[in-house]
**Q** 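Take a look at the following structure, please.
Keep in mind the model is a prediction, meaning the values are calculated, not measured.
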Amino acid sequence: MRTHYSSEVSPEMDGEEVIVCGWVHDLRNLGGLIFLKIRDREGEIQVTAPKRKVDPETFELISKLSIEDVVSVRGIVKREDQAPRGLEIIPLEVEVLNEVLGKLPLDPRGRVKAELDTRLDARVVDLRKRENQAIFKLRSIVLRRIREFLYSKGFIEVNTPKIIAAATEGGTALFPVKYFERNAFLSQSPQLYKQMLMGTGLDKVFEIAQFFRAEEHDTRRHVNEFTSIDIEMAFSKKEDVMLILEELLREVLSEVVKTEELKELGIDEKDLDVEFPLPRIHYEEAIEMLSEKGIEVEWGEDIPTKGLKELWKLVGTKAYFIVDWPMSAKPFYIMPKGELSESFDLMFYEIELASGGQRNHLYDSLVKAIRSKGLDPNDFSFYLDAFKWGMPPHSGWGLGLDRLMMALTGADNIREVILFPRDRNRVIP
RNA sequence: GCCCUGGUGGUGUAGCUCGGCCUAUCAUUCGGGACUGUCACUCCCGAGACUCGGGUUCAAAUCCCGACCAGGGCGCCA
């Protein structure tokens, strides 16, 4: 059907016959001359129909088109200095493949602004916008780069179950699902499973998958279904996996700054300029720095948003690690270090991009940690058993892809970087 | 869940403070028409809206109450 994308047609092809397909992006009817812009994934191309040179039926058809009708145009390429990109197509035949019924829910050319909620309701049309497509092309580039990177480091890609039994890691709420005659839940993270895999000898695994949290939070950086990139690595300590995370971030940033998509989004390279190696700020240092600024965080507590908004300024760089969190602020599976833990968070401005650490691989200590979080070790036997049968020391992390995309694109709402976001009030479309 | 702000044609808005010439503004869109170099084309004609439910009042888009929805903040968040 289609012989060329818009971008593949050049002035040098003067005289050649091509077929372009896409949406009617713009239509200017000057009476005896009609300009029609066709938009496809790669760009736009102008079709020019002079009344005297075009078959009357075709001319009539073009004049009746509406914005966003789907068409294919067979025509002759013409070099033309007055046209965008120095070329236009003189149509021989126009086929209307489908037409818009009724009014469009928003203007995909972006001339009339639309609110995010309106955009998400009509996401299909919203995603026709160049800059919105750029986000998801970039997301694809990022995913590919991350996969390539982790493969190059010897990681094996795995898939853990998303339907799980009751046992939770604590903290977050889970979505219940009916599972035949039993109750089950949607997985909040691959944590327990990727750790269990460390007992198998697969050694280095990663997973890129969606996870679910039933939190009733309603902020611009939270959704109830999110995509997580998780790794777990046997025979490693915290610093080993921090180095991998750091290198991954560096790879992603250097890949992304080269892209057309970034320009499309109007992001300046400087916005993504990060100095490596990243500073490692200890938790206790962090709360001390904040205390000097008058923001008091009680020892053992998580750092509130207000504090995180200040902290990166105090550290002096947008990307940094906070390490050695208190056990009280971390889940049971983290390796204790006295009252502290072998843990880290990767921060980007005030957003927590990733968190991880060395895991507790010692059965007795792990059972104790589960108890101290008020959980019942019996609920975790499927997990704990793996620690009885020869579990090597291991470390890992989880990186929020959606949050990474926010950081890269400068989106101020996480919903913008998710095709069809799921939040407290939205399950459709 | 709490606090703040808001809800007007398909979309984005003006009007709301101080109720009444609101028969509701403008743009875009859609329908009809004129126009041979547009690129936010131009011009003419037409279509299309006050979130819902109560209340106050002679009179409510405008004031009050409630619901629902949205945006932001906080909380919660492996």
**Q** Got a donor-acceptor contact below 3.5 angstrom from the Arg147(A) side chain to the Val142(A) backbone?
**A** no
**Q** Between C1' on U51(B) and CG on Asp117(A), what's the gap in Å once rounded to a whole number?
**A**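 After rounding, the gap between these two atoms is 13 Å.
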**Q** Hey, are Glu68(A) and Arg39(A) close enough for a salt bridge, meaning a charged N less than 4.0 Å from a carboxylate O?
**A** yes
**Q** Can you tell me which residue pairs pass the salt bridge (Lys or Arg N to Asp or Glu O under 4.0 Å) test with a partner in residues 352-373 of chain A, sequence neighbours excluded?
**A**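 Qualifying pairs: Glu232(A)-Arg359(A).
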**Q** Which residues pass the side chain to side chain contact (heavy atoms under 4.5 Å, CB included) test with Arg426(A), sequence neighbours left out?
**A** Asp117(A), Leu120(A), Asp121(A), Asp423(A), Pro429(A)
**Q** Are Gln46(A) and Glu80(A) packed together at the side-chain level, in the sense that at least one heavy-atom pair is separated by less than 4.5 angstrom?
**A** no
**Q** Rounded to the nearest Å, what distance is computed from the CD1 atom of residue Ile428(A) to the P atom of nucleotide C69(B)?
**A** 14 Å
**Q** Is any side-chain heavy atom of Pro304(A) closer than 4.5 Å to one of Val297(A)?
**A**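 Yes, close enough: below the 4.5 Å cut-off.
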**Q** Taking only residues two or more places apart in sequence or in another chain, which ones pass side chain to side chain contact (heavy atoms under 4.5 Å, CB included) with Ala354(A)?
**A**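 Expected list: Leu245(A), Leu346(A), Leu399(A).
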**Q** Rounded to whole Å, please give me the gap between CG in Asn425(A) and P in C69(B).
**A** 6 Å
**Q** In the strands shown, is C26(B) matched to any nucleotide by a Watson-Crick or G-U wobble pair with both distances under 3.5 Å, and which?
**A**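 Here C26(B) is engaged in a pair, and the nucleotide opposite it is G12(B).
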**Q** By side-chain hydrogen bond (donor to acceptor under 3.5 Å, both in side chains), which residues pair with Glu284(A), not counting sequence neighbours?
**A** Trp299(A)
**Q** Contact list please: residues 289-304 of chain A against RNA chain B, heavy atoms, distance less than 4.0 Å, in numerical order.
**A**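 RNA chain B contact set from residues 289-304 of chain A: Pro304(A).
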**Q** For Arg2(A), enumerate each residue passing the side chain to side chain contact (heavy atoms under 4.5 Å, CB included) test, keeping only those at least two apart in sequence or located in another chain.
**A** Tyr5(A), Cys21(A), Asp40(A)
**Q** Would Gln210(A) and Thr227(A) satisfy side-chain hydrogen bond (donor to acceptor under 3.5 Å, both in side chains), going step by step from the backbone distance to the final call?
**A** CA-CA 4 Å; Gln210(A) 276 133 294; Thr227(A) 303; 4.6 Å; no
**Q** Under 4.0 Å between a side-chain nitrogen and a carboxylate oxygen: does that hold for Lys313(A) and Glu310(A)?
**A**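 Salt bridge present between Lys313(A) and Glu310(A).
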**Q** Could you write out each protein N or O paired with an N or O of nucleotides 1-4 of chain B at a distance under 3.5 Å?
**A**
residue, atom, partner, partner atom, Å
G1(B), OP2, Arg424(A), NH2, 3.4

**Q** Using heavy atoms to find the nearest nucleotide of RNA chain B for Leu116(A) and Gly400(A) separately, return the residue whose nucleotide is more 5′.
**A** Leu116(A)
**Q** Give a yes/no answer on whether the side chain of Thr305(A) brings an N or O atom under 4.0 Å of OP1 or OP2 in G75(B).
**A**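 For G75(B), OP1 or OP2 has a side-chain N or O of Thr305(A) closer than 4.0 Å.
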**Q** Mind calculating the distance between NE2 (His25(A)) and C1' (U28(B)) to the nearest angstrom?
**A** 14 Å
**Q** Taking only heavy atoms on the protein side, list every residue of residues 405-413 of chain A lying under 4.0 Å from any atom of RNA chain B, sorted numerically.
**A** Asn413(A)
**Q** Would you measure the distance from the P atom in U42(B) across to the matching atom in G6(B) and give it in whole Å?
**A**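 Between the two P atoms, the distance is 35 Å.
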**Q** Find the distance Ile34(A):CD1 to C39(B):C1' and express it as a whole number of Å.
**A**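 Spelled out: CD1 on Ile34(A) to C1' on C39(B) is 15 Å.
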**Q** For Lys162(A) and Thr160(A), indicate whether the former's side chain and the latter's backbone hold a donor-acceptor pair under 3.5 Å.
**A** yes
**Q** Contact class for Lys309(A) (heavy atom, under 4.0 Å): base, sugar-phosphate, or nothing?
**A** sugar-phosphate
**Q** Given that both distances must come in under 3.5 Å, which nucleotide forms a Watson-Crick or G-U wobble pair with C35(B)?
**A**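 Per the H-bond distance test, none.
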**Q** Look at the side chain of Asp345(A) and the backbone N and O of Met347(A), then say whether any donor-acceptor pair between them is shorter than 3.5 Å.
**A** no
**Q** Can you tell me, in whole Å, how much space there is between the C1' of C52(B) and that of C68(B)?
**A** 7 Å
**Q** Closest-nucleotide mapping onto RNA chain B: is Glu115(A) or Phe211(A) further toward the 5' terminus? I mean the 5' end.
**A**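 Closest to the 5' end, via its nearest nucleotide, is Glu115(A).
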**Q** In B/S/- notation, 5' to 3', how is nucleotides 29-38 of chain B contacted by protein heavy atoms closer than 4.0 Å?
**A** BSS-S-BBBB
**Q** Give, ordered by number, those residues of residues 348-359 of chain A having at least one heavy-atom distance below 4.0 Å to an atom of RNA chain B; if nothing qualifies, reply none.
**A** Ser355(A)
**Q** Which nucleotide, if any, forms a Watson-Crick or G-U wobble pair with C74(B), using both distances under 3.5 Å?
**A**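 C74(B) is paired with G1(B).
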**Q** Using the C1' atom in both, what is the distance from C22(B) to C77(B), to the nearest Å?
**A**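 Looking at atom C1' only, C22(B) and C77(B) are 49 Å apart.
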**Q** How far does the P atom of C26(B) sit from the matching atom of G15(B), given to the nearest Å?
**A**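 Each nucleotide's P atom is 14 Å from the other's.
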**Q** Establish, yes or no, whether a centroid distance under 6.0 Å links the rings of Phe206(A) and Tyr151(A).
**A** yes
**Q** Look through every strand shown and name the nucleotide pairing with C68(B) as Watson-Crick or G-U wobble, where both distances are under 3.5 Å.
**A** G7(B)
**Q** Are the charged groups of Glu246(A) and Arg280(A) less than 4.0 angstrom apart, N to O?
**A**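 Yes, charged N to carboxylate O under 4.0 Å.
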**Q** Over how many whole Å does the gap from Leu106(A) atom CG to U28(B) atom C1' extend?
**A** 12 Å
**Q** Do the charged groups of Arg119(A) and Asp126(A) touch, with an N to O distance under 4.0 Å?
**A** yes
**Q** Please confirm whether the ring centroid of Phe380(A) lies under 6.0 Å from the ring centroid of Phe332(A).
**A**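 Here the rings of Phe332(A) and Phe380(A) have centres that are less than 6.0 Å from each other.
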**Q** Return the value, rounded to whole Å, for the distance between atom CZ of Arg426(A) and atom P of A70(B).
**A**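 Rounded to whole Å, this separation is 8 Å.
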**Q** Suppose the criterion is salt bridge (Lys or Arg N to Asp or Glu O under 4.0 Å): which pairs have a residue in residues 382-409 of chain A, not counting sequence neighbours?
**A**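 Checked against salt bridge (Lys or Arg N to Asp or Glu O under 4.0 Å) - neighbours excluded - the pairs reaching residues 382-409 of chain A are Arg139(A)-Asp402(A), Asp385(A)-Lys388(A).
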**Q** Looking at RNA chain B, which of residues 220-243 of chain A put a heavy atom within less than 4.0 Å of it?
**A** Arg220(A), His222(A), Phe226(A), Ser228(A)
**Q** Only one of Tyr283(A), Phe321(A), Trp325(A), Trp397(A) passes ring-ring contact (aromatic ring centres under 6.0 Å, His included) with Phe344(A); say which it is.
**A** Phe321(A)
**Q** For residues Lys306(A) and Lys309(A), determine if any side-chain heavy atom of one lies less than 4.5 Å from a side-chain heavy atom of the other.
**A**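 No. Closest side-chain heavy atoms not under 4.5 Å.
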